[in-house]
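Below: one structure, written as structure tokens.
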Amino acid sequence: MWSVQDQRLSARSAFISDSMEKIGTTLTQHIWQEQKTHPQSRGSLSELLYEIALVCKIISREVNKAGIAEIYGLTGEVNVQGEEVQKLDEFTQNIFVNILGHCGHLCALASEEEEGIVNLSKEKELGDYVMLFDPLDGSSNIDANVSVGTIFSIYKRVTKKGPGTMEDLMQAGNKQVAAGYVIYGSSTMFVYSTGNGVYGFTLDPTIGEFLLTHENITMPDKVKNYSTNERDYHSWPEGIRKYIDEIKKEGKVSARYIGSLVADIHRTLLYGGVFLYPSTEKNPNGKLRLLYEANIMAFLIEQAGGRASNGQKNILEIEPSELHQRVPLYIGNKEEVKKIEDFLH
Ligand code: AHM
Ligand code: MG
């Protein structure tokens, strides 16, 4: 028996293929097709993903006018219309909370930008899922026109009812039911996985749709690049220094570091290579956050045939102990990450 949502989407797909030029698969169609492989599904996860895509289209629009906004004074406190204007960080956080927080499919929401659980409107805290997100990672790069990104992670709740708790939010990465990122670069791309491969969609601004451009992404076997901030070389663990020294001595792998996680991981996923954010003397757990950054990238890279590690164990097996826990991250081609683990031992 088809639900109203199924019928609506089916009619929409038929309309698109009959009456328009061939545009391929839209993100909406892809999510719906994935949902059909789970006959028990009630469509909540699909709707969550649709909402995330909508929010990211709005963020993409705002990021694209970040430079021009300055001309009109929009990065100041007050704009030309006398309205208070938010910085992009705040804007992206607020739009996520306003839209996802009211969608009815979540029982808890947590953001890299907020210390505790985000307050949801009470009557809506009844969904089966929890979501953790970083609304605009790498935002310090915006003024130099460097690509930035949104990162999201979705789990099924473990508590039975009522508002979601820390227990629902602090699950190991291998329990993620969906994860992804959106990169705002030379084009805007939505890259996601529900544990059934990694798919990439590019936003066609002329029709406002994400279209499937990267089907079932698999990491190339060759290690093309290594990516790390070598500022910290002298305070890295000895094993990492030796690993990087060896790479340089061999001279076969190029150095590439953007300093914007989504962009660095996107390149690593498509071109092959390894990304490192090690522990340092000052930051023994590195810089990146387990629940908002590392787990999502680990899930995607693993789905594409790679591996992610904290140096000792698979990132996805770590049981979180804090919402904003940091973790050293070594991620990329499987064999290369294993090599790094060997160096660290
Ligand atoms: P943010 O979450 O405060 O934006 O910081 C995370 C960013 C990542 O995008 C990037 O990988 C890392 O910080 C770069 O750090 P560094 O400047 O130390 O190389
Ligand atoms: Mg971040």
Side-chain angles (χ1 to χ4, degrees), residues 52 55-56 59 62-63 66 87-97 109-115 118 131-153 169 173 179-185 189 191 225-237 240-241 244 255-269 271 273-301 306 308-310 315 320 322-332 337 340:
I52 295 169
V55 168
C56 292
I59 296 176
E62 295 303 311
V63 167
K87 293 209 172 99
L88 264 177
D89 279 354
E90 285 166 34
F91 173 84
T92 54
Q93 163 74 7
N94 291 343
I95 190 147
F96 254 104
V97 173
L109 186 61
S111 163
E112 199 205 270
E113 297 290 325
E114 258 191 68
E115 212 175 302
V118 176
M131 177 172 146
L132 300 107
F133 66 102
D134 184 350
L136 202 62
D137 184 78
S139 53
S140 61
N141 292 292
I142 282 255
D143 288 346
N145 233 329
V146 170
S147 301
V148 291
T150 294
I151 311 173
F152 64 90
S153 171
L169 287 164
Y181 60 76
V182 176
I183 179 166
Y184 311 104
M189 270 192 80
V191 178
N225 304 304
Y226 77 95
S227 184
T228 190
N229 188 340
E230 292 197 50
R231 168 198 62 202
D232 299 324
Y233 178 90
H234 291 288
S235 65
W236 283 343
I240 299 300
R241 291 204 303 269
I244 295 291
R256 293 283 185 275
Y257 188 68
I258 299 169
S260 181
L261 185 69
V262 175
D264 278 316
I265 295 293
H266 190 62
R267 185 201 53 245
T268 304
L269 189 64
Y271 294 174
V274 69
F275 172 92
L276 306 87
Y277 208 113
S279 56
T280 62
E281 278 154 25
K282 205 169 122 208
N283 297 310
N285 294 316
K287 173 181 183 184
L288 300 173
R289 262 91 5 165
L290 176 63
L291 291 166
Y292 304 101
E293 292 161 336
N295 267 345
I296 294 99
M297 300 313 184
F299 188 73
L300 294 169
I301 287 274
S309 167
N310 67 353
I315 289 284
E322 280 172 47
L323 206 48
H324 290 268
Q325 180 174 342
R326 294 174 194 267
V327 69
L329 180 62
Y330 307 102
I331 183 168
V337 172
I340 292 174

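Note that ligands are numbered from 1 as they come in the structure, with each ligand's atoms numbered from 1 the same way. We count residues from 1, following the sequence as given. Here the structure is a predicted model, which means the values were calculated and not measured.
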Between [Y] and [X], is there a side-chain heavy-atom distance shorter than 4.5 Å?
X      : Y      : value
Thr150 : Tyr184 : yes
Leu136 : Phe91  : no
Gln325 : Asn285 : no

Min N/O separation Leu288 to ligand 1 under 3.5 Å: no
Among the protein atoms near the Mg ion (ligand 2), how many are N, O or S and lie under 2.8 Å away? 4
Closest non-hydrogen atom pair between [X] and [Y], with its separation:
X      : Y      : answer
Val262 : Asp137 : N-OD2, 4.2 Å
Val118 : Gln93  : CG2-NE2, 4.5 Å
Leu300 : Gly180 : CD1-CA, 4.0 Å
Ser279 : Pro284 : CB-O, 3.0 Å
Ser153 : Leu291 : CB-O, 4.3 Å

Taking the six-membered ring for Trp, are the ring centroids of Phe133 and Phe96 within less than 6.0 Å of each other? yes
Around atom OH of Tyr271, are there more than 12 heavy atoms of other residues, nucleotides or ligands at under 6.0 Å? no
Which is closest to atom 3 (O) of ligand 1 in terms of heavy atoms, Glu230, Glu113, Arg289? Arg289
Out of Phe275, Tyr292, Tyr257, indicate the one that has the non-hydrogen atom closest to atom 14 (C) of ligand 1. Tyr257
Can you sort out which atoms of ligand 1 are near [X], meaning under 4.0 Å from one of its heavy atoms?
X      : value
Asp134 : 2 (O)
Leu261 : 8 (C), 9 (O), 10 (C), 11 (O)
Gly259 : 9 (O), 10 (C), 14 (C)
Ser260 : 9 (O)
Glu112 : 2 (O)
Arg231 : 18 (O)
Glu293 : 2 (O), 6 (C)

Nearest non-hydrogen protein atom, [atom]:
atom                    : result
atom 12 (C) of ligand 1 : Lys287 NZ, 3.8 Å
atom 4 (O) of ligand 1  : Gly138 N, 2.9 Å
atom 18 (O) of ligand 1 : Tyr277 OH, 2.6 Å

Describe, in one word, how the ring planes of Phe275 and Tyr257 are oriented to each other, choosing from parallel (under 30°), tilted (30 to 60°) and perpendicular (over 60°). parallel
Which residues pass the side-chain contact (heavy atoms from CB on, under 4.5 Å) test with Ser140, sequence neighbours left out? none
Check contact between Asp137 and ligand 1, using heavy atoms of the residue and a distance below 4.0 angstrom. yes
Identify which one of Asp134, Ile151, Ile265 satisfies the side chain to side chain contact (heavy atoms under 4.5 Å, CB included) criterion when paired with Ile296. Ile151
Contact region, Val262 to ligand 1, non-hydrogen atoms below 4.0 Å, reads neither
